[in-house]
Amino acid sequence: MEDLPTGYYLDNFKYLLDFVDEHYSNLLTKEELNYRRDFLSCSRDAQRLYVRLCGRRGPYFRVDKIFYDEIADLDAAIDTLRDKGFLWSPKDPDALALLSLLTKPDLLIAFPVMNKKLLRGDIEASILAQYSVSEVVNHLSLHIVEPLGHEVITVYRLLFFGNLHQDFSEFVLRDLGLSPFENYTMDSSARYFDDRAILDATLASYELEASCYEVLEEKNLETLIEFTDNCLHLQSVEEPRLQARFEKICNRVAREYERYKKDDLALKLYNRNDQASSLERQARIYAKQNKIDESVSICEAMYSAARTESEKEFSQNFARRLSKKHGLTLTWMPEIVPDDFSVLEIEINNDESLGVELLTSTWFQKQGSQSWYVENSLIPGIFGLYFWDIIFLSIKGVFFNPFQRGPADLFTPEFLHLRSVLIQQRLDSLRVDENFQNSVLSNYDSKMKLANYFVNWNWLDRELVILALERIPRNHFHELFKHLLSDLRHNCSGLPDLVVFPKTEGYLFSEVKGPGDKLQDSQKRWFKFFSTNNIPANIVSVSWRKVQY
DNA sequence: CGGTGTCCAG
DNA sequence: TTCACACCGTCAC
DNA sequence: GACGGTGTGTCTCTGGACACCGGA
Ligand SMILES: [Mn+2]
Ligand SMILES: [Mn+2]
């Protein structure tokens with residue numbers, strides 16, 4: 001595998017800064033623009049040191065523990081960064097973070113009174129209880145530095161990636177060939193953000209998410225109420241993605257209120273949005289409070305405005321149970337179609353180390369079949385291969401950086417609308433396409449390892465793809481792909497554990513269920529789909545063979 | 001001293 | 001740190 | 001059977017260094 005050039009990390013950092021400067025400079029504040037200008041004016045050593053430190057946990061670093069061969073003059077680099085405001089030595093550092101700079105033996109030397117048998121965490125706690133922060137600082141007298149400007153880097157990163165979960169390691173993995181990306185064309189005007197207000201709101205929503213997480217960790221009702229009052233004000237955001245993110249946070253908090261039996265507080269938050277999870281919780285709460293009419297009317301509204309299969313399922317099932325219990329007749333409810341999935345009962349020896357799915361797969365192999373543990377990798381994977389060029393079609397604005405696993409509109413209705421003709425053609429041609437197998441396989445070979453939202457290369461053997469293409473009939477693929485396309489976001493999960501190929505012909509999807517496990521909702525939906533489309537699928541119900549001693 | 005987890009480089 | 005999945009305990013019917 | 005809570009792998013990968021911990 002090819003080595004990266006010395007200082008590769010600085011190249012990546014600068015690439016990102018320049019890219020953002022080129023595409024988004026009109027969105028940047030004076031401070032953010034100056035940040036880049038000042039950084040570029042630093043010496044190469046200083047730039048390298050800064051990027052190195054910012055890539056590490058920190059937040060503080062002992063100067064005597066900083067070792068980088070490629071940085072010639074460490075002290076000069078530190079001075080430069082300090083002068084330009086990229087680094088400082090904090091006067092009032094966090095004591096715990098300071099203690100973390102010492103190993104446990106060093107801690108015990110510095111604070112000899114401690115009982116050596118304690119765990120590290122207990123030692124730290126007891127030092128903090130015993131000494132004031134300034135005493136700890138003076139006592140250790142370490143020369144420490146802290147890189148500054150993380151917030152600015154965050155802005156640049158968000159503008160570049162369009163999210164905050166990707167980071168500089170993307171560059172490395174790509175350049176090492178470990179996780180390369182499709183070479184789609186980005187039109188030069190493509191931008192994820194157009195508006196500073198949206199950018200700021202997005203940054204705020206990431207912070208809100210983080211503080212929500214902390215608040216939930218605390219497990220304290222007062223904190224929760226305080227958080228609600230201070231941070232969850234009704235806000236109107238134009239950006240739908242942002243709105244959804246905000247509502248998700250509200251719903252998480254509301255769910256926590258339910259755990260405290262504060263249904264009224266929960267409802268107040270749930271009421272403000274119409275996300276599926278919110279509607280579902282509202283229906284449950286009203287039912288629990290014996291407000292049957294309210295609960296049923298939520299279900300009815302949910303049913304008639306259902307955006308996904310799962311909303312339809314839930315509203316129907318929940319209302320059905322309610323009506324049965326309270327003797328209501330609901331005109332809007334469709335006839336019940338009882339589930340009738342074929343079940344195969346088998347008995348095998350337990351082996352904790354392997355897991356029930358692999359054991360069942362082995363069982364099928366012992367019957368002379370071939371069997372793979374694929375879950376959601378096979379069908380979405382072949383879909384991703386067959387539709388590859390459509391997924392990565394350059395449509396204006398959907399590709400705005402080189403590290404995307406799919407177009408920006410992949411999970412919005414826009415995706416289908418803007419490509420409807422091509423998608424329809426591809427689906428139609430599937431039935432007669434002499435080339436279907438070849439085009440999937442040739443994409444498998446030519447796109448190998450390239451990141452695609454639907455293709456999980458690690459779980460998609462070439463051999464498996466070949467066999468699946470041979471054994472699964474065209475019209476089955478047609479229906480499977482149509483079903484995926486009907487809800488790309490939700491229908492890429494819930495597929496059965498195994499795909500089984502009997503010795504000579506045919507195939508079978510098999511969902512393995514150990515003792516005490518049952519079909520999940522998403523799995524049920526797939527099984528309904530299988531049964532209406534005559535796609536062979538069963539549930540393998542496993543029980544453990546009694547071991548004789 | 002071996003097992004485990006975390007950090008970090010590439 | 002999120003998501004998808006399995007597993008476990010409880011409760012009511 | 002319904003429901004809620006929890007645990008696990010895995011998130012894009014792999015290996016090395018190191019610290020910590022608990023038991024011999
Ligand atoms: Mn499974
Ligand atoms: Mn299963």
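Just so we're on the same page: letters track the sequence lines, and every chain starts at 1.
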Between A:Gly494 and A:Gly516, which is nearer to the 5' end of DNA chain C once each is assigned its nearest nucleotide? A:Gly494
Rounding to a whole Å, what distance do you find between A:Glu182:CD and D:dT12:P? 18 Å
For A:Tyr8 and B:dG10, is the shortest distance between a side-chain N/O and OP1 or OP2 below 4.0 Å? yes
Rounded off to whole Å, could you give me the CZ-to-P distance for the A:Phe171 and B:dA9 pair? 17 Å
Does A:Glu309 pair with A:Lys312 as a salt bridge, N-O distance under 4.0 Å? no
Ignoring backbone atoms, establish whether A:Asn376 has a side-chain N or O less than 4.0 Å from OP1 or OP2 of C:dA4. no
A:Ile382 vs A:Phe454 side-chain heavy atoms within contact, under 4.5 Å: no
Would one find a side-chain N or O of A:Arg255 under 4.0 angstrom from OP1 or OP2 of D:dG5? yes
What is the nucleic acid contact for A:Glu280, judged by heavy atoms within less than 4.0 Å: base, sugar-phosphate only, or nothing? nothing
Can A:Asp497 and A:Lys513 be counted as an ion pair, charged N to O under 4.0 angstrom? no
A:Lys518 side-chain N/O to D:dG1 phosphate OP1/OP2 under 4.0 Å: no
Would you classify A:Glu170 as touching base, sugar-phosphate or nothing, given that sugar-phosphate means primed atoms plus P, OP1 and OP2, and contacts are heavy atoms under 4.0 Å? base
Nearest-angstrom distance from the residue atom NZ of A:Lys116 to P of D:dC20: 14 Å
Provide the distance between the two C1' atoms, one in B:dA9 and one in D:dT6, to the nearest whole Å. 35 Å
For B:dT6, does either OP1 or OP2 sit under 4.0 Å from a side-chain N or O belonging to A:Arg120? no
Would you say a side-chain N or O of A:Lys513 is under 4.0 Å from OP1 or OP2 of C:dC7? no
With sugar-phosphate meaning primed atoms plus P, OP1 and OP2, does A:Pro496 contact a base, only sugar-phosphate, or nothing at under 4.0 Å between heavy atoms? nothing
Can you check whether A:Arg405 has a side-chain N or O nearer than 4.0 Å to OP1 or OP2 of D:dT12? yes
Return no unless some side-chain N or O of A:Thr103 is found under 4.0 Å from OP1 or OP2 of D:dC18. no
Using atom C1' in both nucleotides, what's the gap between B:dG2 and C:dA6 to the nearest angstrom? 31 Å
A:Arg525 and A:Glu313 ion-paired at < 4.0 Å: no
Nearest whole Å is fine: how far is B:dC8 C1' from A:Arg57 CZ? 10 Å
For B:dA9, take OP1 and OP2 only and decide whether either is under 4.0 Å from a side-chain N or O of A:Tyr9. no
Atom pair distance, as rounded to whole Å: CZ in A:Arg284 and P in D:dG1: 17 Å
Looking at A:Gln523, does any N or O in its side chain come under 4.0 Å of the phosphate oxygens OP1/OP2 on C:dA6? yes
To the nearest angstrom, the CZ-C1' distance between A:Arg489 and C:dA4 comes to 14 Å
Under 4.0 Å, heavy atoms only, any strand: does A:Glu70 hit a base, just the sugar-phosphate, or nothing? nothing
Report which part of the nucleic acid A:Arg174 touches: base, sugar-phosphate, or nothing (heavy-atom distance under 4.0 Å, all strands). nothing
Is the charged tip of A:Arg52 near the ring of A:Tyr9: under 6.0 Å from the six-membered ring centre and within 45° of its axis? yes
In whole angstrom, what separates A:Phe13's CZ from B:dG10's C1'? 19 Å
Using the C1' atom on both, measure C:dT2 against D:dT14 and round to a whole Å. 23 Å
No-H, no-angle donor-acceptor pair, A:Gln520 side chain to C:dA6 base, under 3.5 Å: yes
For B:dC7 and A:Arg52 - does any side-chain N or O of the residue sit under 4.0 Å from the phosphate oxygens OP1/OP2? no
Pair A:Asp339 + A:Lys528, salt bridge at N-O below 4.0 Å: yes
Does A:Asn317 place a side-chain N or O at less than 4.0 Å from the phosphate oxygens OP1/OP2 of D:dA2? no
For a quick test of reading the model: is some side-chain N or O of A:Tyr68 closer than 4.0 Å to OP1 or OP2 of B:dA9? yes
Heavy atoms only, 4.0 Å cut-off, all strands: where does A:Arg281 land among base, sugar-phosphate and nothing? sugar-phosphate
Below 4.0 angstrom, N of the basic side chain to O of the carboxylate: do A:Glu124 and A:Arg120 qualify? yes
Over how many whole Å does the gap from A:Asn452 atom CG to D:dT12 atom P extend? 13 Å
For A:Lys248, which contact category applies under a 4.0 Å heavy-atom criterion: base, sugar-phosphate, or nothing? sugar-phosphate
Under 3.5 Å for both donor-acceptor distances, Watson-Crick or wobble: does D:dT10 have a partner, and if so which one? none
